[in-house]
Structure formats: C-alpha cells, structure tokens
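Only one structure is covered here, and it is reproduced in the block below.
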Amino acid sequence: MADDKSEKKISKISRRELLRSAGLAGAAAFLPAGVHGLAEGEGEILPDEISTATAKQASRSALPQNLTAEETEILDAMVARLIPDDEHGPGAREAGAVGYIDRELGGALSSSREAYRAGLLALDRYSEYSREARFVALTEKDQDSVLFDLQTGGATGAGAGFLGSSAAFFNMVRGHTWEATFGDPIYGGNKDFVGWDLIRYPGPRSAVSPDDQRRLEQGELEPLRRSAYD
Amino acid sequence: MPRRNSEADVVIVGMGAAGGVAALPLARAGLRVVGLEAGTWLDRRDFVPDEIRNNVRDWPFIVKKTQQERPTVRNNASQTASQVGGHPMMNAVGGTSIHYWAQSWRLNPWDFRVVSETVRRYGGSRIPAGSTVEDWPLDYDELEPFYDLVEREVGISGKAGNIRGELDRRGNPFEGPRAREYPMPPLRWTAFLEGMADSARSLGWNPFPGPAAINTEIYEGRPGCVYHGHCNKGGCHVDAKSATYVTTIPKALETGNLTVIPRAHVTTIEVDGDGRVTGANYVIGNDEYFQPAKVVLLAGYTYENVRMLLLSSSRAYPDGLSNNHGQVGRHYMSHHQGAGVSALFPFDLSSWYGLPAQGVAVDEWADDNFDHSNLPFIGGGNLWVYSDRRPIGAANMSTYGRGPNWGSAWKSFIRENADRSVSSYIQKTTLPYETNVLDLDPTAKDSLGLPVIRITASYRENELRIAAYLQDKMEQWYREAGAVEVSRGGLGNTMGVTTHAYGGTRMGDDMETNVVDRWGFSHEAGNLGVLGASVMGTSGARNPTLTAQALSWRTAQHLVDAWGEIAG
Ligand SMILES: Cc1cc2nc3c(=O)[nH]c(=O)nc-3n(C[C@H](O)[C@H](O)[C@H](O)COP(=O)(O)OP(=O)(O)OC[C@H]3O[C@@H](n4cnc5c(N)ncnc54)[C@H](O)[C@@H]3O)c2cc1C
C-alpha cells in the first residue's frame with residue numbers, strides 16, 4: 001500500500017539507495033508472505049510456487065540432478081553449438097545453460113522432462129544413423145549440420161531417430177537455452193553475465209533517470225553486472 | 001449447507017480493473033459493499049524485474065484460477081474447440097490492472113455511433129454483412145464526465161488534444177472533446193521515439209504520446225515512473241502504476257464501507273422466485289459460503305461474466321441468468337492483435353528501460369478519421385510504436401531473413417542488432433457478428449468441475465482489410481524513419497483467448513438484442529449489474545480498460561442515484 005512515508009522516501013533517496021532497495025524488493029520475494037506485512041490483515045498468502053527460491057536453494061553441485069550423465073553429455077554438446085564460444089565471446093555452455101536446464105527440469109520445466117529424455121536419445125540415434133557417429137564425437141561442422149536437420153524437421157521419422165517432430169525438440173531446447181543464457185543469473189545461467197554482455201544489455205536497474213537514458217543513448221551508460229535479486 | 005454471511009447492500013464479484021473502480025463511488029455514498037475476489041492481496045514487494053518469472057513463465061503466482069478455466073477456441077461451429085496456450089489475466093486484488101501495460105485510452109466518439117455515422121456518411125450498405133453492430137445507447141459526451149473522474153481518481157498521465165473543442169496538436173486532435181487536461185504530463189520519450197515522431201510529421205501525420213495509468217510525478221502519495229523496463233507483465237515495485245489495488249480500492253476501504261474477501265471464488269449467482277438476484281455463492285478452498293446482497297455486480301472479466309451467468313440457471317432463467325432472450329454470450333469481439341509490423345534500424349534504439357505505455361501514437365488511420373468512400377471497409381486502427389525490451393525477448397528477435405537464429409553467425413547478428421528492432425501495436429476496429437459467440441464448452445471443465453467458456457469466432461473481411469491497410473501505413477512510417485528491414489505478421493483469422501475481450505453481455509436499450517440496459521443493469525433481473533468490457537458493443541481501436549472503468553463508475557453512480565428503484 002502506498003503511504004506518505006514511502007512517497008518521501010522515494011523522492012529523497014539517491015539512485016544508489018534506490019538500487020539497494022530494489023535488491024531488498026527482490027529478496028522479499030523469497031520470504032514467506034506473512035512477513036510482507038500485508039495491508040488489511042490478509043496474512044494468508046502462501047506462495048506455493050516461487051521457483052526462483054528453488055533455484056537459489058538448489059545445490060550448485062556439478063552432478064546432474066535430473067538428467068542422466070549420458071543425456072547431460074549430449075545436451076552439453078548441443079548448447080555449445082547453439083550459442084558457441086567464439087570470437088564474439090563465451091557461449092551457452094560457459095553461461096551454464098546445461099545446469100540451468102537440468103535443475104529446472106526438477107521444477108518449473110518438469111513437464112518437459114520426458115521430452116528431453118526422448119529427444120536427446122533420438123538426437124544421438126539420428127547422428128549415428130545419418131553421420132555414423134555419436135553426436136558428441138562429430139566435428140563441430142557435422143554437429144551443426146545435424147542440428148540444422150533437427151531444426152528443419154528433417155530428422156523426423158522413426159527410422160531417422162525422432163518419433164515426434166525434431167523441430168519441436170530443437171525449438172524447445174533453443175528456448176530453454178536462451179532463457180538460461182539471457183535470463184537473470186539467480187537461476188544459475190548467464191554466468192559472469194556472458195549473455196547480457198553479448199547483447200550489450202546494461203543490466204537490471206530499479207530506476208533510470210533522464211540522464212541515465214541520455215547516457216544510454218550516447219553509449220556511455222556503464223553496464224551493471226548484477227542480478228535483480230542482489 | 002453453505003455458511004451465510006450477513007447481508008451486504010452490494011456485492012461485487014471480482015476486484016480487478018472494473019470492480020475495483022465501481023467500489024469507490026458506492027462506498028463513498030455510504031453503501032455497504034462486499035468485494036469477493038478469487039485472488040489474494042499482492043504488494044510492491046512481490047514484484048521483481050525478472051524476465052523469466054514475469055514474462056517467460058507468465059507469473060507463476062499464487063491463485064491460478066484463470067489458467068484453470070481457459071476458454072476453448074474454434075473458428076466456426078463445425079469445428080471442435082480446444083484449449084491452447086495460457087491466459088495472462090491476473091487473479092489478485094487489483095486484477096489484471098496490476099501487471100497490464102496501462103495504456104489508458106478514451107474511445108473515439110465514432111465508436112459509440114458506428115451505425116448511424118456510417119449510414120450518414122456512406123450509406124447503410126457499408127455495414128458489413130452478418131454484423132450485429134448497433135449504436136451504443138449513450139454517446140461519447142455522456143461518458144465524458146466519467147472518463148474525467150476516472151482519469152483523476154485512478155491517476156492517468158497524457159497530453160490532451162481537444163479541450164472543449166480547442167485542438168492542441170501536441171495531443172490527439174482526433175479525440176473527443178474533454179473537459180480538461182490530464183492530471184499528469186505524459187511519459188517521456190526516448191531519442192528514438194522523438195525520431196519516430198519527426199518522421200510521422202514529415203508524412204503529414206500528427207504524432208502524440210499515449211495516455212497511461214502510470215504516474216509521471218508524485219500523485220496522491222505515489223511516486224512517478226522510474227523506467228526500470230519490467231512494466232510489461234510486471235507489477236510496479238514503486239506503486240507508480242495506477243492499478244486499482246493502490247488507487248480506488250484503498251480509497252474505498254478508507255470509507256469503512258468496503259470489505260474485500262480474498263480467495264473467494266464465486267461459482268453462481270442466487271435468484272429468488274421473482275427472478276431477482278439475492279447474492280453470490282462462493283468457495284474458499286473446500287468451504288462454501290453464501291453472500292446475500294440487495295444488488296449484485298459482476299466484474300470477473302468478459303469470459304467469467306458470461307460463464308457465471310450461464311452457470312447460474314434457475315426456474316426463472318432456465319438457460320442461464322438474464323438469458324431469457326438468448327443474448328448472453330452474443331456480440332463477442334476481440335482486438336485483432338496479430339498482423340503486427342516490426343522493423344530493424346541501423347542504429348541502437350536504447351529501449352532497455354522503456355515500457356509499452358511509453359510511445360508515439362498516430363490516429364490518422366483510426367476509426368472514421370479518414371475518408372472511407374473508396375475503401376472496402378469501415379473503421380481503422382491506431383498506430384503505436386513503443387519502447388519495451390528485455391534481454392531474453394531481445395535475444396529471441398527475428399533475424400529478418402538475414403541468417404540463422406543460432407550458431408556463430410547468429411551471435412554476430414545479435415551482438416549488433418539486439419537493441420535495433422522494434423515492433424508496433426496496431427489496434428483495430430472489430431465488429432460483432434451473428435456467429436461470433438461465447439457459450440459453455442460441452443466437455444472442458446475447470447478445477448471445480450464446471451464447464452469453461454467456448455469461443456466460436458473468426459475475424460471477417462472488414463477486420464482483415466483494415467489489418468492489411470494499416471500494415472501499409474505502418475511500413476510507410478518505419479521506412480520514413482530509416483528502417484532497413486520491415487517484417488509483417490500474417491493476417492490470420494482466428495480469434496483466440498484474449499486480454500481484450502468484448503461483448504457477451506452487451507449494453508443497449510433493446511432487450512431483444514442486449515443483456516444490460518443503458519446503465520449496465522440486466523433487462524431481466526433488475527438488481528443485477530455487469531461491469532467490464534463485456535458490456536461494450538464496439539471495440540474501438542484502442543485498449544479497453546479506461547472505457548470499462550468509466551462505464552463501471554457510471555453504473556455505480558446510477559445505482560447510488562436510483563438505489564430505491566434498483567435495490568427494491
Ligand atoms: C499483459 C496485459 C497487458 C494489458 N495492457 C492493457 C493496456 O495497456 N491497456 C488496457 O486498457 N488494457 C490492457 N490489458 C487488458 C486489461 O488488463 C483488462 O481490460 C482489464 O484488466 C479488465 O478489467 P476487468 O476488471 O474486467 O478484469 P480483471 O482486471 O482481470 O479483474 C477481474 C477480477 O475478477 C476476479 N475474478 C474472476 N472470476 C472470479 C470469480 N468467479 N469469483 C471471484 N473473483 C473472480 C479475478 O481474480 C480478477 O481479480 C492488458 C492485459 C494484459 C494481460
């Protein structure tokens with residue numbers, strides 16, 4: 001609820017303080033709602049799914065939690081071709097996309113678990129059938145051409161490896177890889193802000209003044225490398 | 001047996017954009033109002049600038065009622081309808097006004113008189129075949145005082161273009177006359193938006209900033225917008241967005257006459273032997289309650305308003321409440337939000353910290369602002385170019401046919417272009433048609449086992465011709481501004497589940513073709529009112545909420561003025 005105190009606070013405090021208070025705002029999302037001190041005495045909000053909290057609490061161990069070692073290996077090779085490490089900087093592997101997908105398959109993406117299992121194995125089958133080697137053993141160039149077949153639907157068909165549409169699988173993995181690479185690092189992806197640096201996103205800010213906007217337009221706004229939850 | 005609450009004067013079902021406004025004039029008049037709201041209270045600490053949470057996952061939040069009752073969709077009656085995709089309407093006190101874009105338009109005077117104006121200017125043959133469009137029972141001037149009230153009580157920023165007939169080209173010269181200026185100046189423009197405005201002027205058009213339910217300076221104790229870039233599907237972390245849960249609802253609570261009951265999921269409206277409504281049945285978890293009231297106002301958004309009526313059948317109303325004339329669910333419309341146009345520029349647009357309500361509008365091609373004598377359609381659209389970008393969305397931009405959307409080549413493309421594309425929002429006239437309707441789906445059910453709404457609807461030639469015509473205008477504007485690529489969405493004709501759903505409980509004097517009267521009260525059950533865009537008979541070429549809110553205030557004011565007559 002708005003109150004007069006908050007008004008004065010907003011108008012007086014500096015930008016730095018605003019940024020800090022935004023950090024607090026983020027942190028509050030992790031607290032059980034009783035502590036929000038909600039108006040009208042409605043203390044009964046029970047967030048049943050704040051997946052970011054799961055993300056934060058999840059152990060960052062290197063061992064996969066939801067994918068098998070074999071699935072992880074294939075997925076890792078795939079994301080490394082989707083957004084490769086090259087002269088424009090690190091890619092999805094470096095951003096931690098595999099860890100993100102693995103963890104979220106036990107949470108917000110759990111409905112995709114089976115599609116990953118079937119799709120990653122089909123990708124390997126298709127690779128063996130069409131290029132006579134496992135996907136991870138192919139050259140980067142051959143991996144790219146396999147992925148191109150997947151994207152265009154060319155790998156669809158029982159003989160070819162994919163029972164369902166290979167394009168649907170490709171698009172699903174692409175979508176999650178992009179979430180991981182360009183989303184907030186709180187979820188475990190976008191490590192070292194590689195995604196945000198790639199697209200020259202200057203980072204989450206809780207307030208952007210006319211001066212900040214002018215600096216952005218002149219290419220002079222320093223990027224803030226931080227999570228919205230920091 | 002449901003638990004029975006003590007009787008209220010008025011029960012409002014749904015405390016969103018529309019219900020949250022109606023509560024204020026009622027509570028101020030001293031009526032005892034109960035707001036039954038399926039969702040919970042949220043506040044600014046619940047809102048984080050996190051694109052995964054807000055945009056990718058569509059708000060994985062507390063009450064998911066709208067998700068569980070998503071309407072099914074089909075183009076025509078020969079198909080089987082199915083549920084596709086999600087539905088971003090919010091269940092919380094404040095409703096969808098919490099995370100909406102907050103563009104807050106008045107309709108154009110033409111939208112109230114489409115039939116008579118078309119007949120007068122072009123002849124009756126120009127009303128598209130099969131359309132059930134009627135003039136509204138009120139005109140723009142009659143609604144103007146309520147637009148004015150809501151703009152102040154909710155808090156709208158913008159620039160007037162017509163104050164009592166005096167035109168100001170810094171605003172929209174095509175708008176209807178207004179009593180006075182907006183209470184706050186408009187949201188600022190970025191350098192890119194200034195450039196788009198210059199290009200519009202060199203085409204001879206009149207660009208102007210759009211109105212928004214977003215503060216641009218301290219207003220009633222709430223701060224101005226801080227431009228953090230997560231307004232689109234995000235609640236406001238500083239309460240600058242004038243959602244009803246920080247504006248009209250707290251003001252109504254301050255009177256002591258409003259009680260909001262959260263998590264109250266209304267299932268049906270109760271009716272007595274005389275066909276008058278007596279209150280609302282609701283559940284909280286597994287507990288059943290009955291809230292008796294002298295007057296019931298439905299404000300659960302278009303699909304739910306229609307569904308609650310159809311589910312509330314009784315001896316007096318065998319085919320659903322207020323449906324003895326078979327009008328509930330008819331005259332359904334939605335905005336044709338597809339058929340967009342996007343563009344790529346050869347320079348950065350600096351859009352990272354914008355919001356969809358921050359933009360440049362052009363109204364030359366909307367409504368009847370241009371001569372249709374030699375055009376194969378009536379109506380038009382509003383062109384809107386805005387500033388809104390977040391990283392995942394940016395990285396998913398179209399490559400405009402310049403290469404693949406992954407791999408090394410893509411990386412070099414995105415490095416250069418992530419901040420160089422822009423899409424436009426072109427809202428267009430949609431008319432109601434005989435066979436575009438809402439009813440109950442014969443098989444799909446919600447989590448309580450109640451049937452969901454079925455949408456049977458498609459856009460017709462008039463809508464598709466407007467869409468194609470507006471795409472030409474939009475491309476012309478982008479090219480003038482220096483775009484190097486322009487891409488158009490397909491015209492399509494499916495009318496899916498939408499955030500701009502109109503009709504189903506249309507307002508009009510004739511009870512043979514309308515559910516509610518000119519004040520928003522049922523022609524059949526006189527102490528039942530309906531709030532929201534479901535009462536609107538035309539869509540106009542701009543977002544619905546301010547009009548729905550002005551109508552809500554007017555309905556509430558009428559209830560106060562005619563209390564004895566309506567409450568009985
Ligand atoms: C992302 C997004 C952006 C938008 N941008 C704009 C914009 O810029 N401008 C604009 O004008 N419009 C915009 N809209 C549309 C706008 O949100 C709606 O027009 C407006 O919220 C409708 O008001 P309403 O009160 O009818 O519905 P809502 O605001 O959705 O409120 C309905 C309320 O009723 C409650 N409810 C529903 N069923 C029941 C029940 N059975 N029992 C109890 N309570 C119930 C719901 O929980 C909800 O709180 C946008 C919508 C979305 C999703």
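What's counted below: heavy atoms across the whole structure, side chains too, no hydrogens, waters or symmetry copies. Letters go in sequence order (proteins before strands), and every chain restarts at 1.
Both the backbone and the side chain of N396(B) come within contact range of chain A, judged by heavy atoms closer than 4.5 Å. Neither the backbone nor the side chain of N190(A) comes within contact range of chain B, judged by heavy atoms closer than 4.5 Å. Of the two parts of R200(A), the backbone and the side chain both hold a non-hydrogen atom closer than 4.5 Å to a non-hydrogen atom of chain B. When heavy atoms are compared at a cutoff of 4.5 Å, R415(B) approaches chain A by way of both its backbone and its side chain.
A 4.5 Å side-chain heavy-atom check between R174(A) and N405(B) finds at least one atom pair inside the cut-off. No side-chain heavy atom of V226(B) sits under 4.5 Å from any side-chain heavy atom of S206(A). A heavy-atom distance below 4.5 Å is found between the side chains of Y353(B) and L221(A). Considering only heavy atoms from C-beta on, F182(A) stays 4.5 Å or farther from I52(B) through its side chain. At a threshold of 4.5 Å between non-hydrogen side-chain atoms, the residues H228(B) and V208(A) do not count as touching. Residues E179(A) and E51(B) fail the side-chain proximity criterion, which asks for heavy atoms closer than 4.5 Å. In this structure, H88(A) and E416(B) have side chains that are not in contact, with every pair of non-hydrogen atoms separated by 4.5 Å or more.
Taking 4.5 Å as the heavy-atom cut-off, the residues of residues 141-151 of chain A that approach chain B are D144(A), L147(A), F148(A), Q151(A), ordered by number. Proximity to chain B among residues 74-81 of chain A is limited to R81(A), judged by heavy-atom separations below 4.5 angstrom.
Highest contact tally toward chain A, considering only A418(B), S350(B), G229(B), is held by S350(B) [criterion: heavy-atom pairs under 4.5 Å]. In terms of heavy-atom pairs under 4.5 Å with chain A, the best-connected choice from T190(B), V93(B), I249(B) is T190(B).
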task: Verify salt bridge (charged side-chain N to carboxylate O under 4.0 Å, His left out) between D184(A) and R53(B), making sure each step is shown before the conclusion.
output: CA-CA 9 Å; D184(A) 194 285; R53(B) 178 171 175 271; over 6 Å; no
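Under 3.5 Å, the side chains of Y187(A) and D50(B) contain a donor-acceptor pair of N or O atoms.
Scanning both residues, V48(B) and A228(A), for their nearest heavy atoms gives CG1-CB, 4.2 Å. Across A191(B) and E217(A), no two heavy atoms sit closer than the pair N-OE2, 2.9 Å.
The aromatic rings of W410(B) and W178(A) sit tilted relative to each other, their planes meeting at an angle between 30° and 60°.
The local environment of CD in E140(A) is sparse, with at most 12 non-hydrogen atoms from other residues, nucleotides or ligands closer than 6.0 Å. Counted within 6.0 Å of CG on D198(B), heavy atoms from surrounding residues, nucleotides or ligands total more than 12; the atom is thus considered enclosed.
Looking only at distances, no side-chain donor or acceptor of K411(B) sits under 3.5 Å from a matching main-chain atom of I83(A).
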